[in-house]
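These numbers were taken from a predicted model, which means no experiment stands behind them.
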Amino acid sequence: MENKRLKLSNSQLKWETIFRRILIAMSILLVVIILGVLATLIVESMPSIKSLGIGFLWGKVWDPVSNIYGAYPFLVGTLLTSFIALIISVPFSYAIAIYLGEYNPKGWLSDLLKNAIELIAAVPSIIYGFWGLFVLVPIIRTFEMKIGVAPYGIGVLTSSLILAVMIIPYAASLGITLIRMVPSPLKEAAYGLGATRFEVIRSVIMPYTRSGLFAGVLLSLGRALGETMAVTMLIGNTSAVADSIKNAIFGPGNTMASVIANEFTEADHTEYLSALIELGLVLFFVTVIINLIGKRIITRFTND
């Protein structure tokens with residue numbers, strides 16, 4: 001019996017070691033893939049980097065015919081659409097998370113709403129683009145006529161609204177899970193002290209889940225930064241720099257992802273292709289920097 005137990009223990013230890021090595025190998029492979037993507041972008045964009053230098057980042061003219069390339073309009077367009085979409089989506093995401101996580105965690109309505117949220121995340125982005133063209137653009141055009149701006153219909157605001165709808169499920173789904181995981185004794189203690197449900201949400205649930213909720217916002221922002229098809233169909237695809245905040249929001253624009261999607265197949269010489277790949281490299285670094293800042297904020301919230 002003792003030998004059998006020892007044999008079983010050795011077998012368990014063997015499989016534990018194998019499993020641990022598999023996990024380490026997969027982790028290393030993931031790092032290698034990321035470094036490989038980065039190395040590919042750097043190598044393929046070297047002609048553009050050598051030719052344009054750091055001035056590529058704040059160059060305001062994008063004219064492939066004249067071989068002039070500047071990333072500034074697309075960098076601004078990417079950040080503007082993403083952050084406007086984030087500002088619009090966060091209240092809806094938190095409201096959905098609080099309602100389904102605390103007010104109505106069970107029942108047919110809760111299941112229906114949760115399935116609807118998951119469906120929103122599963123719809124292909126090109127479907128959102130078509131819906132935006134046929135439904136949202138006429139509404140935005142009418143609104144622009146009423147407030148006295150050029151009635152383009154398409155533009156930064158339209159693409160931001162579509163992005164907001166697309167990224168709501170990411171923060172909402174994570175928020176629902178986190179709110180449902182708040183320990184019951186914490187909430188019951190607050191109720192026992194005479195707190196209302198709103199006070200419990202504000203003083204117990206939100207502080208307990210704030211790092212996770214912010215992680216959901218960060219996930220949504222990452223999704224918005226990289227979105228391509230829906231934005232390409234609705235943003236207007238112009239490389240001109242807006243001369244005012246009003247035109248920057250209501251007028252047409254472009255993002256780094258949309259200009260790559262539009263012009264990659266048209267790149268007929270090395271520097272043009274390299275400039276587009278360098279745009280991808282800039283987008284890669286923007287995403288990494290924003291994620292690092294977000295992780296720092298999450299760490300600070302967790303420590304506090």
Side-chain angles (χ1 to χ4, degrees), residues 21-83 85-86 121 124-126 129 159 163 166-167 170 215 218-233 235 237-239 253-296:
R21 288 176 179 175
I22 290 173
L23 292 179
I24 293 173
M26 292 177 67
S27 301
I28 294 173
L29 179 61
L30 182 62
V31 173
V32 170
I33 290 173
I34 297 297
L35 292 177
V37 171
L38 178 60
T40 302
L41 290 173
I42 293 174
V43 170
E44 295 298 327
S45 61
M46 280 308 296
S48 174
I49 294 173
K50 291 179 180 179
S51 175
L52 303 173
I54 195 66
F56 175 77
L57 293 177
W58 52 76
K60 296 183 178 181
V61 178
W62 182 271
D63 185 4
V65 176
S66 303
N67 220 27
I68 301 174
Y69 307 100
Y72 179 79
F74 315 127
L75 182 60
V76 171
T78 300
L79 296 177
L80 194 59
T81 53
S82 299
F83 280 101
L86 196 66
S125 61
I126 195 167
S159 59
L163 273 179
M166 295 175 67
I167 66 178
Y170 296 92
L218 195 64
L219 184 65
S220 300
L221 180 58
R223 176 73 174 86
L225 286 169
E227 174 52 39
T228 305
M229 284 310 302
V231 173
T232 302
M233 296 173 71
I235 199 169
N237 301 302
T238 178
S239 303
N254 225 335
T255 65
M256 288 183 278
S258 63
V259 74
I260 293 171
N262 275 322
E263 301 186 15
F264 194 80
T265 56
E266 300 174 4
D268 54 358
H269 55 275
T270 302
E271 191 168 342
Y272 187 10
L273 180 61
S274 180
L276 290 173
I277 297 174
E278 189 176 358
L279 276 179
L281 180 64
V282 173
L283 180 58
F284 182 92
F285 279 121
V286 167
T287 306
V288 169
I289 291 170
I290 289 177
N291 274 276
L292 289 176
I293 294 172
K295 294 291 185 184
R296 184 64 182 267

Over all atoms of both residues, closest heavy-atom pair of Met166 and Ser125: CE-CB, 3.5 Å
Shortest non-hydrogen contact from Val259 toward Leu276: O-CD2, 4.1 Å
Inter-residue atom distance Leu79.CG - Leu225.CG, 0.5 Å rounding: 7.0 Å
Side chain proximity check, Val282 to Phe56, heavy atoms < 4.5 angstrom: yes
Derivation of the side chain to side chain contact (heavy atoms under 4.5 Å, CB included) call for Leu38 and Leu281: CA-CA 7 Å; Leu38 178 60; Leu281 180 64; 3.8 Å; yes
Residue pair Ala71 / Leu279: nearest heavy atoms and the distance that separates them: CB-CD2, 3.6 Å
Pairwise distance CG(Leu57) to CZ(Phe74) - rounded to 0.5 angstrom: 13.0 Å
Tyr272 and Tyr69 aromatic ring geometry - parallel, tilted or perpendicular at 30°/60° bounds: parallel
Any donor-acceptor pair under 3.5 Å from Ser45 side chain to Ser48 backbone: no
Inter-residue atom distance Leu221.CG - Asn291.CG, 0.5 Å rounding: 7.5 Å
Minimum heavy-atom distance between Ser274 and Met46, given as atom pair plus value: OG-N, 4.0 Å
With sequence neighbours excluded, residues passing salt bridge (charged side-chain N to carboxylate O under 4.0 Å, His left out) with Glu227: Arg223
Side-chain heavy atoms of Val286 within contact of Thr78, under 4.5 Å: no
Heavy-atom side-chain contact between Ile260 and Ile277 under 4.5 Å: no
Rounded distance [0.5 Å steps], CG in Leu35 versus OG1 in Thr40: 10.5 Å
Partner set under ring pair (Phe, Tyr, Trp, His ring centres under 6.0 Å) for Tyr170, not counting sequence neighbours: none
Residues Leu75, Trp58; criterion side chain to side chain contact (heavy atoms under 4.5 Å, CB included); working and verdict: CA-CA 9 Å; Leu75 182 60; Trp58 52 76; over 6 Å; no
Pairwise distance NZ(Lys50) to CD(Glu271) - rounded to 0.5 angstrom: 12.5 Å
Flag, side chain of Thr232 to backbone of Thr228, donor-acceptor distance under 3.5 Å: yes
Main-chain N/O of Asn254 paired to Ser258 side chain as donor or acceptor, under 3.5 Å: no
Rounded distance [0.5 Å steps], CD in Glu263 versus OG in Ser239: 6.0 Å
Flag if over 12 foreign heavy atoms under 6.0 Å of CZ, Phe284: yes
